[in-house]
Amino acid sequence: KEVGFLVGIYFLGTFAFTAFESTLPLLLDTKLHYDEEHVGYVFAFCGIMAAMVQGGGIGRLVKSFGERRLIGASLLVVAVSLVLMPLANSLPTMLAALAVFAIGSGINRAPTMGLISQLSPADEQGTTLGIAQSAGTLARVLGPTVATTLYDLWLPAPYLACATIALLAGLLAVLRLMGSTAKSPSA
């Protein structure tokens, strides 16, 4: 079922995001020797970038491209950015990779949750969205645990693993969602 597929995509996207979020301070310390204050500035940069997308652009993007296209494309953007992060050795290259990540992840959540809602029967929307949020919560538990373990083994490992996850999820989303023209049960 398409809704279950989307919940799985939401889990994978959230997993990649929380893996990034939990290892970014470690990466910034290793690569740029940043302390907590400077890590905070970098997170603020990411938040501002994502807020600009979510606050100013997501509605126009959905109207122009539709949820289905944005879900797959945003995960592919996230995959590219995750590959770039461990390669960055200066602030400008790190900020460029982080901007790409913030834009991709900023685009992903709203269309995914919106399509889950649209495809769920009206009397099951609350339950379905609750299940999706539970999947996200599980990803928020597993993502940091897996990512920090991988980081301890080899610095690029969590980024490359999550880039692979985002790439596969994005490709699956493109193939499955673009090939489907299913409408909301309430439409």
Side-chain angles (χ1 to χ4, degrees), residues 1-24 43 46-47 49-51 53-82 101-150 158-187:
K1 189 174 179 184
E2 198 165 41
V3 171
F5 174 78
L6 286 165
V7 170
I9 292 294
Y10 180 68
F11 170 85
L12 295 173
T14 303
F15 181 93
F17 181 83
T18 60
F20 146 81
E21 196 174 44
S22 62
T23 57
L24 182 63
F43 271 120
C46 293
M49 294 295 296
V53 169
Q54 292 171 347
I58 195 68
R60 288 188 293 262
L61 288 169
V62 169
K63 285 180 185 173
S64 295
F65 300 104
E67 286 93 348
R68 294 171 184 278
R69 284 190 181 109
L70 289 177
I71 292 166
S74 66
L75 288 166
L76 297 175
V77 168
V78 166
V80 169
S81 69
L82 287 167
F101 181 83
I103 291 166
S105 64
I107 291 172
N108 183 262
R109 186 176 189 278
T112 304
M113 295 304 280
L115 194 55
I116 288 170
S117 178
Q118 289 174 24
L119 295 174
S120 299
D123 64 336
E124 294 178 15
Q125 283 180 342
T127 300
T128 304
L129 291 173
I131 290 168
Q133 290 297 332
S134 294
T137 299
L138 181 60
R140 286 180 192 89
V141 171
L142 297 175
T145 304
V146 171
T148 54
T149 300
L150 290 174
Y159 298 93
L160 298 178
C162 287
T164 302
I165 289 168
L167 175 66
L168 293 174
L171 290 174
L172 287 171
V174 166
L175 293 172
R176 175 120 183 224
L177 298 175
M178 296 306 298
S180 172
T181 57
K183 300 288 184 214
S184 170
S186 58

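This structure is a prediction, so every number in the text was calculated from the model and none was measured. Along the sequence shown, residues are numbered consecutively beginning with 1.
The one candidate from Glu2, Lys1, Glu67 that meets the side-chain contact (heavy atoms from CB on, under 4.5 Å) condition with Leu119 is Glu2.
Considering OG of Ser74 and CD1 of Ile9, their distance stands at 9.5 Å, rounded to 0.5 Å. From Leu70, atom CG reaches atom CZ of Phe65 across 7.0 Å, with rounding to the nearest 0.5 Å. Note that the CG atom of Leu61 and the NZ atom of Lys63 stand 11.5 Å from one another [nearest 0.5 Å]. To the nearest 0.5 Å, the span separating CG on Asn108 from CD1 on Ile103 amounts to 14.0 Å. To the nearest 0.5 angstrom, Leu177 atom CG is 6.5 Å from Leu115 atom CG. Atom OH of residue Tyr10 and atom CD1 of residue Ile116 lie 8.0 Å apart, to the nearest 0.5 angstrom.
Listed for the Ser117 side chain is no donor-acceptor partner under 3.5 Å among the backbone atoms of Met113. A distance-only check finds a donor-acceptor pair linking the side chain of Thr18 to the backbone of Ala139 [under 3.5 Å].
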As a quick check of understanding, evaluate side chain to side chain contact (heavy atoms under 4.5 Å, CB included) for Phe17 and Val78, giving each step before the final call.
CA-CA 9 Å; Phe17 181 83; Val78 166; over 6 Å; no
Begin with the C-alpha distance, continue with both residues' side-chain angles, and end with the deciding distance and a verdict on side chain to side chain contact (heavy atoms under 4.5 Å, CB included) for Leu82 and Leu167.
CA-CA 10 Å; Leu82 287 167; Leu167 175 66; over 6 Å; no
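The two atoms that bring Gly72 and Val174 nearest to each other are CA-CG2, 3.9 Å, heavy atoms only. Minimum heavy-atom separation, Leu76 to Leu171: CD2-N, 4.0 Å. Across all their heavy atoms, Leu24 and Tyr159 have their closest contact at N-OH, 3.5 Å. Taking all atoms of both residues into account, the shortest heavy-atom contact from Gly106 to Val53 is C-CG1, 4.0 Å. Residues Ser22 and Ala147 approach most closely at OG-CB, 3.9 Å, considering heavy atoms. The two residues Gly13 and Leu75 make their nearest non-hydrogen contact at CA-CD2, 4.1 Å.
Side-chain contact between Arg109 and Thr14: absent, with no pair of heavy atoms (C-beta onward) separated by less than 4.5 Å. Side-chain contact check for Leu6 versus Ile71: some heavy-atom pair is nearer than 4.5 Å. Within the 4.5 Å cutoff, side-chain heavy atoms of Leu142 are placed close to those of Phe11.
Relative orientation of the Phe20 and Phe101 rings is tilted, given thresholds of 30° and 60° on the angle between their planes.
Other residues, nucleotides and ligands contribute over 12 non-hydrogen atoms within 6.0 Å of the CZ atom of Arg140.
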